[in-house]
Structures are given as C-alpha cells and as structure tokens.
There are 2 protein chains.
Amino acid sequence: MYNPLAMKLEQFTRFDPVERARIDELIRHGSRSYARGENIISAGENTEEIHLVMAGLATRSKVTHDGHRQLIAFLVPGDLCDIEVFILEAMDHDVVALTDTTCALIPASEIKRLLTESCNLTRALWWSTMADAAILREWVVSHGARDAKSRLAHILCELLVRYRVVGLGENNSVPFPMTQEELSDATGMTSVHLNRVLKDLRTEGLVELKSRILTIVDFERLSEIAQFEPGYLHLVRTQRADPAVADRVGDLVLPTGRGLFESAWGSARQALGRGAPHKPRAMAS
Amino acid sequence: MYNPLAMKLEQFTRFDPVERARIDELIRHGSRSYARGENIISAGENTEEIHLVMAGLATRSKVTHDGHRQLIAFLVPGDLCDIEVFILEAMDHDVVALTDTTCALIPASEIKRLLTESCNLTRALWWSTMADAAILREWVVSHGARDAKSRLAHILCELLVRYRVVGLGENNSVPFPMTQEELSDATGMTSVHLNRVLKDLRTEGLVELKSRILTIVDFERLSEIAQFEPGYLHLVRTQRADPAVADRVGDLVLPTGRGLFESAWGSARQALGRGAPHKPRAMAS
DNA sequence: CGCGAAGTTGAAAGACCTCAATTATTGTGG
DNA sequence: CCACAATAATTGAGGTCTTTCAACTTCGCG
C-alpha cells in the first residue's frame, strides 16, 4: 500500500515493523476526495479529523483585503494539512485543492494516542512540522531577497525534490497540475510576468512544462539560478534512516558533486565532529 | 522575576503554581549576553542548550548566494531561538543579536524532562512553535502580496503587539533598536526605499521613530494600511487563560470595535456554533 | 570637536505591473 | 470524432513601483 506519510517520515528516521504498521493504520480510517478548487479546510475551521494528502496537490492560501491571493505552501502527498488544529483554536488560512485531491482522514484521537504511545513517531511528526517551518522560512527568503526568475526556479526545485521524496515522478519529471495563474500567486507576481519568466527558463533549456508535467531539463543550472541549497528541507538521512530510502532520491544529484543533501554548512558540521553529510553518487541527468 | 516566556505562554493557557514554578526554573540555569551584531547561533550549529531571549532583540537571518541578507523573523523577549535543534540535525539559519541581547540558556535535558512531565507545558511549547509558523506564513503573505508601504506597516503592527504581550513598551511605544538597513532586510526592500516609505508613514502622522523608540501614533489607520488582522498571532485567550493576562494587551484595541483578537473568521466561527471570539473592551488610544 | 555610522535626498535605470488583445488548450455535448 | 465554448497561455505597449548610485546631512560617541 502506498503510504506517502511513511515515505516522508523515513527521511528522518527508521521505523521498526510495529511503528510502520502504526503509520499504515493511521490512513485506514477513511478518506475523502476533493474536486479541483474545492476547500479542503477553510480559515476559522477546527476539524476533528486531520487531513493527510494521499494523491493530488493542495495549497495553503490567504487572500488579502484587496483581493490579492497568496499561496503559502504546497501540499504534496504525505503532507498533513491541519495538524495545527490540535493546538490552535482555528485555522488561520485555507487549504485548497489545486487538482482533484484525495485525503486520508485521521481522527484526532488517533494522533493523540500515537503521541502518547511512541516516542519515535512523536519525534517524526515533530520533525515534519519543523521541516514545514523551514520551507516557510525559505519562502520568505525567496520572496524577500530573490528576483522573479530565481524565485520561480527555486519553487520548481523544491517541488521536484519533495515529489521525489514520496516516490512520485520519474527522472526529472513531476506532476504539475496547477495553472500559471496559481503558480504566480505562489511566487508573488502577476501571471503575465510569470509567463514571461517561465518562457525565459524554457528558452534557456532549463525546464519543460506541458500537459501538466514539469520536466527539469537541467537541474544543475536551474538550482544555480535558484540558489537552491536543499539542506533547508532537512531531509537528513541519519544513521537511523534506511539506506534504501536514501536511494529513492539519490539520483537527484548535482553532477558537480554538490549533492542533494550537501549544504552550505557541510563544513561546519564537519568541524563540529559530526562528519560530512552523506554524499550520494553522481549520475548523469 | 521577569519571565517573558511565561507571559507569552499565558496567552495560550493558564498555569497552576507548580507549572509556573517549573517555567521559572527553566530560566535559572544560566544566561549569556551577546553584543549587537553577534551571532547567537549560526547555521550548521547544533547546540546543547536552548537559547531564550530575555532582553534585547534578535533576528533569524539568511544570506543568499549573491550577498542579499533576508531577515526571517524577529525574536523578542520570551522567544525561543533554537528549539528546533531538538529534532533537526542543525540550524539552517543564523540567529543574530540586533541590539545587546541576553539569553537564558536552558539545558536541552531540562526541556526534555518538561516534555515528559507536564502535558500542559508541552502543549504550551507546541503552541509557541505553531504560533511562530503562523507568523512566518503572514510574512510570506506580506512579501508576496503587499506593497512596500503595507508591508512595513504590517511588520510594525506585529512588533507592537508582540512586545506588548511580554509587557514591554508603554502606550503605543515599543523599543526599536534596529537600523533602517536592518528593517529593510526584514521587509525585503532597499534601505533607500524603506527610508522613503517610512517617511511617508511619518508625514501622514501614523508613526514616530526616534532614539530607538517606535511610537505608533495611529494604530487604527496603520493597521488598515497593513491589513493587519491580529488573529494570525493566535493570541487566543481561552477559558483556560487568566483574565489578568488578557488585560495586559487589552488596551490594544481598535476604536472601531475590531478588537485585537477579533479576526476575519469571527463570523465563520459563529456559524460553526462555537461562538464569537471574546471582544475586549474598546478604549481610546 | 571630529569621526564613523546611520539617515536622507535626487535622478535615472530596471523590474514588474496593468490593460487589452490574441492564440492555444482543454473539456463537453452532439 | 468533431465542433464549440470555456479556460488557460501568450504577447505587446505603456505606466508604476522599486532599485541603483551617488552625494549630502544628521546623529552618536569618544
């Protein structure tokens, strides 16, 4: 059974069979499908069931007072939509299906039970929310400090890596069902300008985007333009992590030797005596 | 003893004397001072002690490949700098003192113990990280969907409220030790442009900013320009919260009746049968 | 009082937006 | 399977917001 949540959490830790069974159990309590454009959760709601994206693509979004919509995050399979309602009184934003999307519905009580029963799973869930926050920080950097081209390139790199982590997409292609208008709401520019910038990336032979499939032709150059340093995704494959999991995204490697998980602070970690990050094998595009 | 962490967490829950003593204990394990400009934590580090800002002002920051610095968050007294190193392998950004700052050093073991001992305190800490993430989301909205003037106004409103929560500042004035250059790195514009936009706010009689004190002269109009809806800060004062705590920020009320904690989804919550949010008393500026 | 850092201002260039029209693509009913 | 409508993508021209560069002024502090 395809369990993207488990695949994602395995980026952080290794599960024993009991824990793994526990995660599989989580997604068996029911599911629901949402049509494209439908709200999965709306601001102000406080659901009793946690939504886990199983298939499709969703987004967090807010609309400003003057009608400008801003997408705040993408939710790919394996992402939890609303774990915050555990603690916060209500959602402060909408979660919208960007394409037909199905979510597993996890009763809040199940999560609560898990939090009291398994330390390892609790840590994994915590990691998940912290990794989400790290992505959010990078979005702030993108929007505040990068120009349109770099910003677009960065978001494409992010999506590629995140899809690959949950086993979706082949080679350097991933599903890309959203419209340019939606992509422009994510990158904080007009759809007209996005179209022009995207055209630039296309004519430079960096990406292809047709029939809802994004193909990154030249990941190395694109990630240079994006200043994409995957370390912020915190996909650490520690000693706890399964080597087989590591291989799942292993071919996303910059031929220059800057691997997916090698980041700007690799040297710092070495200095701290924790060793350099694992360097996956290089491989042709 | 001034304990800004407790003051902040009391926005979310009420503590019994034992819990309160536990929080006071946390900040008694030692402290350290940092000069302005000094790194409190650097990217790549993985500290054994959690840093809690007790006085001063700090910021999370990242520097892009082309040398552009982006501030990602402000850390006021009561904010935890690096609770993520519990879970993540290493910090993915720097935490820098914007003015002379002192931090309490909380041994990680103390936090761990707290997490296993007190359910209420665990929830409170979790709330704290989720409220931080909510602020981050609003920063993305600000940078992606608001123009320079609105963006600046928004960040000033945020700082005012957050300072007030921990009992700092009087009336509508708060400490504001950062330079315009640093503020421009936060708002994602050049210092030149920031200077002009700030001048506009000043000449319109909305704010005053001199000798490191920010005074918000007309909070109502400023928050209109900012489209500031304080609900995103999740400073819910539930039944668990102490009314005395509520009063601490209670005078930050928009004279029009849109209170500090009333947000766009007030009506939605009502429709869901959970009642309207608590409406603090209105009061003159 | 003098020095360095921070704040302020002007003018011109560049990035991005707006508006509007055109073309391509997708989905649907016959 | 095709025709049609609706949606999405593309392009052009001109305007606005923001940046760049450089000079100048003010402030803080020894």
Side-chain angles (χ1 to χ4, degrees), chain A residues 35-38 57 64 66-71 97-100 142-156 175-204 207-214 225, chain B residues 35-38 57 64 66-71 97-100 142-156 175-204 207-214 225:
Chain A
R36 179 183 163 215
E38 196 176 347
L57 180 68
T64 61
D66 57 320
H68 188 136
R69 180 173 71 157
Q70 177 66 43
L71 306 192
L98 285 176
T99 185
D100 293 352
S142 263
H143 285 84
R146 295 196 244 260
D147 66 7
K149 190 176 183 179
S150 174
R151 204 153 70 235
L152 173 58
H154 201 281
I155 223 166
L156 298 182
F176 204 83
M178 77 189 98
T179 65
Q180 291 189 6
E181 173 116 30
E182 287 158 343
L183 189 52
S184 73
D185 285 343
T187 49
M189 50 186 113
T190 57
S191 59
V192 171
H193 196 234
L194 173 96
N195 180 276
R196 291 192 235 265
V197 174
L198 185 57
K199 182 189 176 188
D200 288 347
L201 292 185
R202 266 198 282 239
T203 55
E204 288 175 37
V207 304
E208 284 171 15
L209 181 47
K210 51 188 174 191
S211 53
R212 329 225 132 170
I213 299 285
L214 167 71
I225 289 171
Chain B
R36 177 179 165 222
E38 195 177 347
L57 180 68
T64 61
D66 57 322
H68 189 136
R69 179 173 70 156
Q70 178 66 44
L71 305 192
L98 285 175
T99 184
D100 292 351
S142 263
H143 284 84
R146 295 195 245 262
D147 66 6
K149 190 176 182 180
S150 175
R151 203 153 72 234
L152 173 58
H154 201 281
I155 223 166
L156 298 182
F176 205 83
M178 79 188 98
T179 65
Q180 290 189 6
E181 174 116 30
E182 287 157 343
L183 188 53
S184 73
D185 284 343
T187 49
M189 52 187 111
T190 57
S191 60
V192 172
H193 194 49
L194 173 94
N195 181 277
R196 290 192 237 265
V197 175
L198 184 57
K199 183 189 175 188
D200 289 346
L201 293 184
R202 265 198 282 239
T203 55
E204 289 175 37
V207 305
E208 284 170 17
L209 180 48
K210 51 188 174 190
S211 51
R212 330 227 128 170
I213 299 284
L214 167 71
I225 289 172

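Letters A, B, ... are given to chains in the order of the sequence lines, protein chains preceding strands, and every chain is numbered from 1.
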Rounded distance in Å - CZ (A:F176) to P (D:dA9): 10 Å
Pair listing, side-chain hydrogen bond (donor to acceptor under 3.5 Å, both in side chains) test, anchored in residues 193-203 of chain B, at least two apart: B:Q180-B:N195
Atom OG in B:S142, atom NE2 in A:H143: separation rounded to 0.5 Å? 11.5 Å
Going from CZ on A:R146 to OG1 on B:T64, what distance comes out if it is rounded to the nearest 0.5 angstrom? 6.5 Å
Would you compute the distance between atom CG of B:L156 and atom CG of B:L198 and round it to the nearest 0.5 angstrom? 7.5 Å
Figure out the CD/P separation between A:E182 and D:dT7, and round it to whole Å. 13 Å
For B:R202, which contact category applies under a 4.0 Å heavy-atom criterion: base, sugar-phosphate, or nothing? sugar-phosphate
Side chains of B:E204 and B:I225, heavy atoms from C-beta outward: is any pair under 4.5 Å? yes
Divergence of helical axes at both termini of the helix from C:dC1-D:dG30 to C:dG30-D:dC1 - five pairs an end, 10° steps: 50°
Give the rounded distance in Å between these two atoms: CG of A:L198 and P of D:dA8. 16 Å
Between A:R36 and D:dT7, is there a side-chain N or O to OP1/OP2 distance below 4.0 Å? no
Closest approach to the side chain of B:T190, judged atom by atom: which nucleotide of D:dT10, D:dA8, D:dT19 is it? D:dT19
What closest approach, in Å, do B:P177 and B:P175 show between heavy atoms, and which atom pair accounts for it? CD-C, 3.7 Å
Output the rounded distance in Å from NE2 (A:H193) to P (D:dA9). 17 Å
Least distance between heavy atoms, B:A35 atom then B:A97 atom: O-CB, 3.6 Å
Contact boundaries on DNA chain C for chain B, cut-off under 4.0 Å to non-hydrogen atoms: C:dA6 to C:dA11
Nearest whole Å is fine: how far is D:dA8 P from A:L209 CG? 14 Å
Spacing between B:D66 atom CG and D:dT20 atom C1', to the nearest angstrom: 15 Å
Using heavy atoms and a sub-4.0 Å distance, could you list which residues of residues 143-154 of chain A are near DNA chain C? By number, please. A:D147, A:A148
Kindly give the heavy-atom pair with the smallest separation between B:L183 and B:I155, and that separation in Å. CD1-CG2, 4.0 Å
What closest approach, in Å, do B:H68 and A:A145 show between heavy atoms, and which atom pair accounts for it? CD2-CB, 3.6 Å
Tell me if a side-chain donor or acceptor on B:D100 pairs with a main-chain N or O of B:R36 at a distance below 3.5 Å. yes
Would you say A:V197 and A:R151 make side-chain contact, with heavy atoms under 4.5 Å? no
Taking all atoms of both residues into account, what is the closest heavy-atom pair of A:L71 and A:A186, and its distance? CB-CA, 3.7 Å
Between P of D:dC17 and CG of B:L194, the distance in whole Å: 17 Å
Set out, line by line, the N/O atom pairs under 3.5 Å between protein and nucleotides 11-15 of chain D.
unit_1, atom_1, unit_2, atom_2, d
D:dT11, OP2, A:K199, NZ, 3.3
D:dG12, N7, A:R196, NH1, 3.2
D:dG12, O6, A:R196, NH2, 3.3
D:dA13, N6, A:R196, NH2, 3.0

Show me the pairs that pass side-chain hydrogen bond (donor to acceptor under 3.5 Å, both in side chains) and involve residues 182-192 of chain A, at least two apart or across chains. A:R69-A:D185, A:T179-A:E182
